[in-house]
Amino acid sequence: MSKPHTMLCHECHYRVTLPVLTHKQAAVCPRCGFQLTVYHHNARQRILALATTSLIFLLASLPFEFLSFSTSGQYQSIDILGSLWILVEKDYALLAVVQAIAVLILPAFVLISLLYLLVPLSLGVRPAKAQLVIKTLFKLLPWTMAEIFLIGVLVSLIKIVSMADVGLGLSFYAYLFFTISMTITLLYVDKFQLEKWFESEIEEQHIPINPSHSIQTTWALLFTSVLLYIPANILPIMHTYVLGSEEPSTILGGVILLWKMGSYPIAVIIFIASVFVPVAKIVILCWLNYSVQAKQIHANNERIFWYRFTEFVGRWSMIDVFVVAVLVSLIQLGNIMSVLPGHAALAFCGVVICTMLAAMSFDSRLIWHKPGKLDKGENTV
């Protein structure tokens with residue numbers, strides 16, 4: 001930034017005067033500790049290079065073999081797009097749609113949006129609807145789950161490596177490099193800095209605080225999450241058929257099986273992501289929503305910490321859903337061995353989506369909001 005700028009904190013609505021930042025310096029809200037912006041020298045050029053690299057790796061991950069699976073003389077291989085078609089054939093088109101959107105479509109949209117914004121800008125041309133693209137990009141960014149899908153693939157391999165030979169294709173390595181390069185790309189993407197590149201002055205967005213709408217919407221989504229969580233844990237999340245014998249597996253049953261197999265770290269990861277995190281997130285959001293509904297004015301720092309915790313961990317519960325999707329796509333060897341998804345997979349996917357929406361609908365500004373009073377505080381970072 002060439003000069004100080006005044007803005008409202010996104011999470012607590014506190015007015016802050018940002019100083020001029022140098023390389024790798026971050027501006028933090030003095031009241032709630034939210035990182036308002038971070039400045040990187042040559043960030044625009046780095047994003048362009050990394051986004052282009054990420055998009056190339058993503059495209060390279062599509063046409064080649066992703067994973068292969070062989071046992072008892074039978075061989076099965078899949079590519080990423082083919083795995084989606086297998087889910088559709090098994091009457092789980094909705095699961096295929098979720099996977100396609102989270103691991104392919106939205107990551108591609110994010111990368112293409114960055115290139116759409118920055119390539120013309122580097123040529124001295126302002127792209128049309130730049131602000132709308134920026135707004136949409138950051139709305140959809142939490143729903144990109146490439147890194148979660150990759151971990152789900154690794155967990156899937158650990159589950160089956162003891163019973164069959166598993167191979168990694170060229171597409172797997174391309175997707176691995178895509179995930180790494182996209183993660184690095186997003187480290188340089190800062191909403192405030194991105195907007196500054198397209199406007200000389202950013203107008204403060206005084207978004208009205210509507211407590212009743214936020215509270216009611218959050219309660220509705222949390223109630224839906226609880227309803228979905230019951231079948232997600234009672235019903236099988238997948239069915240394994242070995243020589244005609246069916247072995248249904250629930251989420252907790254899969255954790256116990258991994259533990260018995262000696263895969264203790266993976267069992268702990270799945271337990272935390274699929275059992276502990278969803279319950280903890282629902283409980284924390286219920287507490288936060290009740291606290292703002294009851295107009296509590298204490299423990300603000302603790303409440304904002306736990307709110308950020310729910311936002312950070314929410315997506316990672318999708319690991320188990322991706323594990324099921326990968327196993328179903330990969331293990332289809334007829335009567336010898338096959339895996340089919342269970343109804344719990346869709347129910348658990350609904351739990352993750354609803355809890356993420358509940359965290360987004362919860363207005364964190366209500367933690368600091370005093371009814372009937374405008375927050376006119378101003379400070380310099």
Side-chain angles (χ1 to χ4, degrees), residues 46-70 75-88 90 92-93 95-115 137 140-161 164-189 265-266 269-270 273 315-332 339 341 345 349 352:
R46 297 182 187 187
I47 294 172
L48 269 174
L50 289 166
T52 303
T53 303
S54 302
L55 194 57
I56 291 173
F57 278 128
L58 177 59
L59 294 174
S61 70
L62 300 180
F64 306 108
E65 182 181 276
F66 189 70
L67 294 173
S68 63
F69 171 84
S70 61
Y75 179 83
Q76 171 86 14
S77 66
I78 59 169
D79 54 64
I80 293 181
L81 296 180
S83 68
L84 299 175
W85 181 245
I86 292 175
L87 291 174
V88 173
K90 300 302 178 183
Y92 271 77
L95 189 59
V97 170
V98 170
Q99 180 177 325
I101 291 175
V103 307
L104 293 176
I105 297 174
L106 289 185
F109 173 82
V110 169
L111 295 173
I112 293 172
S113 297
L114 290 172
L115 294 177
L137 188 155
L140 297 177
L141 198 55
W143 301 97
T144 61
M145 302 182 184
E147 70 279 17
I148 301 173
F149 173 72
L150 188 62
I151 293 177
V153 172
L154 298 177
V155 172
S156 304
L157 298 181
I158 292 173
K159 278 191 171 186
I160 61 177
V161 72
D165 295 326
V166 180
L168 305 178
L170 290 176
S171 286
F172 174 85
Y173 293 104
Y175 198 86
L176 172 64
F177 288 123
F178 152 70
T179 304
I180 294 172
S181 57
M182 184 170 179
T183 301
I184 299 173
T185 302
L186 297 179
L187 292 177
Y188 291 100
V189 177
I266 302 300
I269 290 173
I270 294 297
R315 303 182 313 136
W316 289 93
S317 297
M318 284 293 288
I319 288 179
D320 226 2
V321 176
F322 291 141
V323 168
V324 173
V326 172
L327 292 177
V328 170
S329 303
L330 186 61
I331 307 177
Q332 296 297 328
V339 175
C349 185
V352 178

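Note that the structure is a prediction, hence the values are computed from the model and not measured. If you read the sequence from its start, that first residue is 1, and numbering goes on from there.
- Using a 4.5 Å heavy-atom cutoff, the side chains of Leu115 and Ile112 are not in contact.
- What you find for Ser171 and Phe66 is that their closest heavy atoms are C-CD1, 3.7 Å.
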Item to check | Check against side-chain contact (heavy atoms from CB on, under 4.5 Å), Leu81 and Leu104 | outcome: CA-CA 10 Å; Leu81 296 180; Leu104 293 176; 4.0 Å; yes

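- Taking CE of Met182 as the start and CG of Leu111 as the end, the distance is 4.5 Å to the nearest 0.5 Å.
- Side chains of Trp143 and Ile101 form no contact here, defined as non-hydrogen atoms less than 4.5 Å apart.
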Checklist entry - Hey, mind stepping through Phe322 and Val153 against side-chain contact (heavy atoms from CB on, under 4.5 Å) and telling me if it holds? => result CA-CA 7 Å; Phe322 291 141; Val153 172; over 6 Å; no

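- One distance of note links CG of Leu176 with OH of Tyr173; it measures 8.5 Å at 0.5 Å rounding.
- Two residues are said to be in side-chain contact when any heavy atoms from C-beta on lie closer than 4.5 Å; Phe109 and Thr144 fail this criterion.
- When every heavy atom of Ala146 is checked against every heavy atom of Phe178, the shortest pair comes out as CB-CE2, 3.7 Å.
- With contacts defined as side-chain heavy-atom distances shorter than 4.5 Å, the pair Val110/Val189 does not qualify.
- Within the model, atoms CG of Leu87 and CG of Leu95 stand 5.0 Å from one another, a figure rounded to the nearest 0.5 Å.
- Of all heavy-atom pairs spanning Val326 and Ser156, the tightest one is CB-OG, 3.6 Å.
- The CZ atom of Phe57 sits 13.5 Å away from the CG atom of Leu62 when rounded to the nearest 0.5 Å.
- Minimum interatomic distance between Ser329 and Ser83 (heavy atoms only, all atoms of both residues): OG-O, 3.1 Å.
- A heavy-atom distance below 4.5 Å is found between the side chains of Phe172 and Leu150.
- Remark: the Ser68 side chain and the Ser77 side chain contain no N/O donor-acceptor pair separated by less than 3.5 Å.
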Next on the checklist: Run the side-chain contact (heavy atoms from CB on, under 4.5 Å) test on Tyr92 and Val328 for me, step by step, so that the C-alpha distance in whole Å, both residues' side-chain angles and the decisive distance to 0.1 Å come before the verdict.
Outcome noted: CA-CA 10 Å; Tyr92 271 77; Val328 170; over 6 Å; no

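- In this structure, CD1 in Ile47 is found 11.0 Å from OG1 in Thr52, a value given to the nearest 0.5 Å.
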Item to check | Steps toward side-chain contact (heavy atoms from CB on, under 4.5 Å) verdict (Ile86, Ile78) | outcome: CA-CA 9 Å; Ile86 292 175; Ile78 59 169; 3.9 Å; yes

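- Going from atom CG of Leu114 over to atom CG of Leu186 covers 7.5 Å, rounded to the nearest 0.5 Å.
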